[in-house]
Protein chains: 2
Amino acid sequence: MKYSQATDYALHAMLNLVASAPDKPVGVQQLAEKLGVSPTYLSKLMTKLVKAGLIVSTPGANGGYRLRKAQDEISFLHVIQAIEGTASLLECSLDHGDECLIQQVVRDAERQMEQLLASKKLSDVAKRLPATD
Amino acid sequence: MKYSQATDYALHAMLNLVASAPDKPVGVQQLAEKLGVSPTYLSKLMTKLVKAGLIVSTPGANGGYRLRKAQDEISFLHVIQAIEGTASLLECSLDHGDECLIQQVVRDAERQMEQLLASKKLSDVAKRLPATD
DNA sequence: CCATTAAGGACTATATGTATCTATAATAGC
DNA sequence: GCTATTATAGATACATATAGTCCTTAATGG
Ligand code: SF4
Ligand code: SF4
């Protein structure tokens with residue numbers, strides 16, 4: 001089980017936005033170049049982030065993307081779920097109801113992980129981002 | 001991000017083994033029938049569990065699978081990792097070294113989840129398994 | 001020796017993820 | 001208004017992973 005590569009791109013793109021001036025939008029071209037990804041592909045991911053309410057986009061000349069909220073209000077979980085969705089890890093076909101302990105265990109485990117991911121904000125890592133990124 | 005269906009099968013198969021008599025091996029035929037899966041496919045999954053050291057198999061007449069360890073020593077994490085592997089959720093191509101906070105956050109989150117999954121044993125859910133399973 | 005059962009290789013089908021191309025819409029600046 | 005710029009979106013192509021089947025081989029009990 002792995003996060004899709006798209007999640008990796010999204011996280012790095014978001015951190016690049018954090019590192020940029022907050023009022024100057026960053027275009028997908030620049031982002032794609034820094035990440036070494038195809039611009040058109042990255043564009044679709046950015047659109048997902050827009051729809052998730054994490055960033056805002058402005059088309060036209062000097063357009064691009066900028067954060068919608070303060071960087072200390074955007075958590076890892078926000079970014080990850082914007083790309084990966086919020087489905088549970090275990091999707092059993094039969095639904096034996098609430099008494100199913102199997103699902104409870106997995107849900108609990110998910111909650112544990114999500115709790116930590118939600119507590120970590122972009123600002124927590126923005127301070128010390130590897131230089132070449 | 002979701003566990004593969006194979007993980008779902010493996011968990012249910014293991015719990016069926018727990019529910020069976022510990023000395024009588026259970027064949028893949030019976031298991032497959034209970035789970036509603038193809039026997040040949042399930043067979044491959046069972047082999048993975050064998051290689052992970054969770055169960056032992058005996059071929060030949062009256063053969064099948066049985067638990068290798070006590071049911072309170074087998075955790076959810078054991079079963080899940082036997083199928084899904086142990087790779088990290090985030091596999092970035094560039095490796096910027098230990099100071100990368102992005103990876104640290106994700107690793108921490110993984111550890112949180114794994115810690116809970118490791119603490120939950122098969123015996124914890126075997127007591128109250130939905131009837132139709 | 002024979003029936004039974006697991007293991008494993010080869011193969012197919014399907015789904016998902018990754019990526020490209022093209023067209024459309026919106027915005028800023030002239 | 002016109003034009004350049006930039007995001008959005010659909011269609012399409014490609015790669016990879018998952019899911020599943022078929023057949024052969026090996027091991028065990030009777
Ligand atoms: S026992 Fe739980 S996980 Fe299994 S099929 Fe029933 S509801 Fe789903
Ligand atoms: S910053 Fe961290 S996650 Fe990103 S490419 Fe570098 S090592 Fe990988």
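Each chain gets a letter, A, B and so on, in the order the sequences are listed, and its residues count up from 1.
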Study note, to complete from the structure: Picking from dA7(C), dA19(D), dC23(D), the nucleotide nearest the side-chain atoms of Thr47(B) would be dA7(C)

Exercise for review: Please determine, for the side chain of Ser57(B), which listed nucleotide (dA6(C), dA19(D), dA7(D)) has the closest atom?
Suggested key: dA6(C)

Report all side-chain donor-acceptor pairs from residues 40-59 of chain A shorter than 3.5 Å, counting only partners two or more places apart or in another chain.
from	atom 1	to	atom 2	distance (Å)
Thr40(A)	OG1	Ser38(A)	OG	3.0
Thr47(A)	OG1	Ser43(A)	O	2.9

Point to revise | Lys51(B) vs dG8(C): side-chain N/O to OP1/OP2 distance below 4.0 Å | key: yes

Review point. Between dT21(D), dT8(D), dG20(D), which one does the side chain of Val50(A) approach most closely?
Key: dT8(D)

With a cut-off of 3.5 Å and sequence neighbours excluded, list every side-chain donor-acceptor pair involving residues 19-32 of chain A.
from	atom 1	to	atom 2	distance (Å)
Ser20(A)	OG	Asn16(A)	O	2.8

**Study point:** Positions of residues 80-89 of chain A (non-hydrogen atom under 4.0 Å from DNA chain D), listed by number
**Key:** none

Review point. Does Tyr9(B) have any side-chain hydrogen bond (donor to acceptor under 3.5 Å, both in side chains) partners at least two apart in sequence or in another chain, and if so, which?
Key: Gln5(B)

Exercise for review: Summarise protein proximity over nucleotides 24-30 of chain D in one line of letters, 5' to 3': B for base, S for sugar-phosphate only, - for none, counting protein heavy atoms closer than 4.0 Å.
Suggested key: ---BBS-

Practice item. Would you please name every residue forming a salt bridge (charged side-chain N to carboxylate O under 4.0 Å, His left out) with Arg111(B), sequence neighbours left out? Key: Asp108(B)

What's touching nucleotides 9-13 of chain C from the protein side, N or O pairs under 3.5 Å?
from	atom 1	to	atom 2	distance (Å)
dG9(C)	O6	Lys44(B)	NZ	2.8

Exercise for review: Report the residues that fulfil side-chain contact (heavy atoms from CB on, under 4.5 Å) with Glu73(B), sequence neighbours left out, ordered by chain and then residue number.
Suggested key: Lys69(B), Ala70(B)

Report, one line per pair, each donor and acceptor closer than 3.5 Å where one atom sits in a side chain of residues 74-90 of chain A; sequence neighbours left out.
from	atom 1	to	atom 2	distance (Å)
Ser75(A)	OG	Leu77(A)	N	3.3
Ser75(A)	OG	His78(A)	N	3.1
Ser75(A)	OG	His78(A)	ND1	3.1
His78(A)	ND1	Ser75(A)	N	3.0
Glu84(A)	OE1	Met1(B)	N	3.0
Glu84(A)	OE2	Ser4(A)	N	2.8
Glu84(A)	OE2	Ser4(A)	OG	3.0
Glu84(A)	OE2	Thr7(A)	OG1	2.5
Ser88(A)	OG	Leu90(A)	N	3.3
Ser88(A)	OG	Arg107(A)	NE	3.1
Ser88(A)	OG	Glu110(A)	OE2	2.8

